[in-house]
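Okay, structure first, notes after.
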Amino acid sequence: MNGNAGSGPSRSGEREAPLLAVEGLRCEFRTPAGRAIAVHDLSFSLREGEVLALVGESGSGKSVTALSLLGLLPDPPGRITAGRILYRGRDLRALSRGALNRLRGSEIAMIFQDPMTSLDPAFTVGDQMTEVLRQHEKVSPRAARERAVKMLARVHIPEPATRLDAFPFQLSGGLRQRVMIAMALLCGPSLLLADEPTTALDVTVQAQILRLLRELREEYRLALLLITHDFGVVRQVADEVMVLYAGHLLERAPADALFRAPAHPYTRDLLTARPDPSGTRRLTPIPGLPPNLAHPLPGCPYANRCGEAGDDCWADLPAAHPVSADHTVRCFRAGSPPLRP
């Protein structure tokens with residue numbers, strides 16, 4: 001690991017330089033219907049120990065963003081057409097394939113959405129974990145196995161030495177997800193990308209995985225980019241939130257500010273569309289469908305679904321402007337009306 005224990009970044013005094021800085025990222029796909037822009041000029045930064053959540057509906061650009069950071073966007077049909085991706089000041093887009101491969105898994109790691117398809121069913125957990133270590137470090141088979149057992153124990157997998165000899169299909173969904181987290185952490189990355197890490201897990205196991213991610217973040221000062229559509233997950237682990245829609249960043253804010261006073265109509269609609277376990281709030285679905293990315297709307301991408309859209313929203317894309325020092329929104333009518341009960 002990077003070896004710096006802590007409980008997240010300092011919120012006072014001079015802030016450290018970002019671990020990751022994305023500047024003007026633009027991703028496109030070639031489709032039969034034409035060119036589809038999946039990510040529009042996205043910029044953000046992430047520091048050691050921070051948890052930044054990307055939220056939005058399916059097709060909003062969350063996973064495309066994460067795959068782009070690691071150079072895993074399938075080309076064709078997808079490609080990055082603009083922007084810089086700076087990790088510790090180095091532009092990842094300028095690295096050779098070999099240099100990027102060495103960086104992936106060692107300094108930047110990813111937990112994919114479905115561990116059953118990400119883990120090879122033909123090899124044991126131990127085979128796959130030791131292969132990760134031996135790709136990035138010069139270790140003996142015995143030393144690699146010992147480290148794998150310790151990491152399985154660290155992510156709270158019972159009987160880790162026995163689980164090392166199991167095949168993925170012999171493990172529950174929760175254990176497979178813990179194996180994926182253990183594999184991602186084996187070489188001590190500083191940045192972890194987690195794509196829907198609790199999808200398809202029951203509530204109890206989901207809570208355990210989220211608690212584990214919080215522990216690891218605090219223990220190793222990991223920076224975590226969390227991709228999710230679940231605001232319950234965001235509320236539990238995120239420091240800041242970016243709300244994406246049709247590839248556009250519509251709102252970014254500290255998590256507590258976003259839940260307390262969401263400024264964009266889309267953010268408010270997402271919050272009222274989520275289930276309320278207490279039953280005190282009525283679930284209100286968002287009407288309509290996201291736009292066709294190959295034929296984008298001329299103005300705000302959310303205009304066709306927004307109950308507050310006016311003529312200006314259909315004509316022009318609003319510029320991002322500050323709500324407060326660390327809260328920005330791209331909307332002509334930001335902050336009005338308040339969140340619906």
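Treat the numbers as computed from the prediction; the structure is a model and nothing was measured.
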For Arg104, the salt bridge (charged side-chain N to carboxylate O under 4.0 Å, His left out) test, sequence neighbours excluded, returns none
inquiry  = If you define the side chain from C-beta out and look only at heavy atoms, does anything of Leu226 sit under 4.5 Å from Leu54?
reply    = no
Output, in order, the C-alpha distance, side-chain angles, deciding distance and verdict of side-chain contact (heavy atoms from CB on, under 4.5 Å) for Val329 and Leu250.
CA-CA 6 Å; Val329 65; Leu250 298 187; 5.9 Å; no
(message) Could you see if Leu86 belongs to whatever hydrophobic cluster contains Leu103? Use Ile, Leu, Val, Met, Phe, Trp, Tyr and a side-chain cutoff under 4.5 Å.
(response) no
What one should report as the nearest heavy-atom pair of His295 and Ala33 is NE2-O, 3.6 Å
*Do you reckon Phe123 sits in the same ILVMFWY cluster as Met183, going by side-chain contacts under 4.5 Å, direct or chained?*
no
Query raised in the report: Taking a hydrophobic cluster as the set of Ile, Leu, Val, Met, Phe, Trp and Tyr residues connected by side-chain heavy atoms closer than 4.5 Å, whether directly or through intermediates, do Val205 and Leu212 fall within one such cluster?
Result: yes
The reported gap from CE in Met242 to CD1 in Ile227 (rounded to nearest 0.5 angstrom) is 9.5 Å
Taken to the nearest 0.5 Å, the spacing of Leu191 CG from Leu224 CG works out to 8.5 Å
Give every donor-acceptor pair under 3.5 Å between a side-chain atom in residues 157-164 and any protein atom, sequence neighbours left out.
from	atom 1	to	atom 2	distance (Å)
Arg163	NE	Pro158	O	3.4

Query raised in the report: Given the rule that I, L, V, M, F, W and Y join up when any side-chain heavy atoms are under 4.5 Å apart, are Leu210 and Leu192 in one cluster?
Result: yes
When rounded to the nearest 0.5 Å, the distance separating CG of Leu25 from CG of Leu69 is 7.0 Å
Do Pro141 and Thr130 have side chains that get closer than 4.5 Å, going by heavy atoms? no
Correct closest heavy-atom pair for Ala109 and Pro189 would be CB-CG, 4.0 Å
Is it the case that the side chains of Ser190 and Arg221 hold a donor-acceptor pair, with the cut-off being a distance below 3.5 Å and no angle test?
no
For Ala66 and Leu193, the nearest pair of non-hydrogen atoms, with its separation, is O-CD1, 3.8 Å
Test side-chain contact (heavy atoms from CB on, under 4.5 Å) applied to Val241 and Arg252, step by step:
CA-CA 6 Å; Val241 187; Arg252 178 173 183 176; over 6 Å; no
### Query
With a 4.5 Å heavy-atom cut-off, do Leu70 and Ile108 have their side chains touching?
yes
d(Leu271 CG, Arg235 CZ) to nearest 0.5 Å is 8.0 Å
The ring-ring contact (aromatic ring centres under 6.0 Å, His included) partners of Tyr87 (sequence neighbours excluded) come to none
Rounded to the nearest 0.5 angstrom, the CD1-CD1 distance for Ile111 and Ile181 is 4.5 Å
Residues pairing under salt bridge (charged side-chain N to carboxylate O under 4.0 Å, His left out) where one sits in residues 30-46, two or more places apart or in two chains, turn out to be Arg26-Asp41, Glu28-Arg35, Arg30-Asp75
Q) Hey, are the side chains of Leu119 and Phe167 touching, using non-hydrogen atoms and a 4.5 Å cut-off? A) no
Indicate whether the side chain of Gln208 and that of Arg178 have a donor and an acceptor atom separated by less than 3.5 Å. yes
Within the structure provided, determine whether Leu171 and Val125 are in side-chain contact (heavy-atom separation under 4.5 Å). yes
Residues passing the side-chain hydrogen bond (donor to acceptor under 3.5 Å, both in side chains) test with Asp316, sequence neighbours excluded, are none
Worked check of salt bridge (Lys or Arg N to Asp or Glu O under 4.0 Å) between Glu308 and Arg333
CA-CA 8 Å; Glu308 302 165 39; Arg333 291 164 181 77; over 6 Å; no
If you define the side chain from C-beta out and look only at heavy atoms, does anything of Leu216 sit under 4.5 Å from Arg154? yes
Nearest heavy-atom approach of Ala263 to Val323 is CB-CG2, 3.9 Å
Output yes when Arg142 and Glu146 qualify as a salt bridge under the 4.0 Å nitrogen-oxygen rule, no when they do not. yes
Residues joined to Trp314 in its hydrophobic cluster, side chain to side chain under 4.5 Å directly or through other members, sorted by chain and number, are Leu297
Taken to the nearest 0.5 Å, the spacing of Glu50 CD from Ser45 OG works out to 7.0 Å
Does a side-chain heavy-atom distance below 4.5 Å link Arg305 with Pro290?
yes
side-chain contact (heavy atoms from CB on, under 4.5 Å), that's the test. Do Leu293 and Ile37 meet it? Break it down for me.
CA-CA 6 Å; Leu293 296 182; Ile37 303 176; over 6 Å; no
What one should report as the nearest heavy-atom pair of Phe332 and Asp312 is CE1-O, 3.4 Å
Is any side-chain N of the basic residue among Arg102 and Glu107 closer than 4.0 Å to the acidic one's carboxylate O? no
| query | How about Leu73 and Val64: do any of their side-chain heavy atoms sit closer than 4.5 Å? | reply | yes
**Asked** Taking a hydrophobic cluster as the set of Ile, Leu, Val, Met, Phe, Trp and Tyr residues connected by side-chain heavy atoms closer than 4.5 Å, whether directly or through intermediates, do Leu92 and Phe44 fall within one such cluster?
**Response** yes
Arg330/Glu251 ion pair, N-O < 4.0 Å:
no
Applying salt bridge (charged side-chain N to carboxylate O under 4.0 Å, His left out) to Asp120 and not counting sequence neighbours gives none
Are Tyr220 and Glu215 linked by a side-chain donor-acceptor pair shorter than 3.5 Å? no
Tightest non-hydrogen contact, residues Cys313 and Ala303, listed as O-CB, 4.0 Å
Review point. With under 30° as parallel and over 60° as perpendicular, where do the rings of His264 and Tyr266 fit, or are they tilted in between?
Key: perpendicular
Please walk me through it: do Arg93 and Ile80 pass side-chain contact (heavy atoms from CB on, under 4.5 Å)? CA-CA 9 Å; Arg93 293 191 63 201; Ile80 299 174; 3.5 Å; yes
> Is any NZ, NE, NH1 or NH2 atom of the basic residue among Arg217 and Glu48 found under 4.0 Å from an Asp or Glu carboxylate oxygen of the other?
Replying inline: no
Mutual orientation of the aromatic rings belonging to His40 and His248 [parallel < 30°, tilted 30-60°, perpendicular > 60°]
parallel
Salt bridge (charged side-chain N to carboxylate O under 4.0 Å, His left out) pairs touching residues 190-208, sequence neighbours excluded, are none
side-chain hydrogen bond (donor to acceptor under 3.5 Å, both in side chains) filter on Arg176, not counting sequence neighbours, yields none
The complete set of salt bridge (charged side-chain N to carboxylate O under 4.0 Å, His left out) pairs with one or both residues in residues 125-137, sequence neighbours excluded, reads Glu137-Arg147
Side chain of Arg79, backbone of Cys27: donor and acceptor closer than 3.5 Å? no
The ring-ring contact (aromatic ring centres under 6.0 Å, His included) partners of His229 (sequence neighbours excluded) come to none
Residues joined to Val203 in its hydrophobic cluster, side chain to side chain under 4.5 Å directly or through other members, sorted by chain and number, are none
### Query
Can you check whether Gly24's main-chain N or O pairs, donor with acceptor, with Ser43's side chain at less than 3.5 Å?
yes
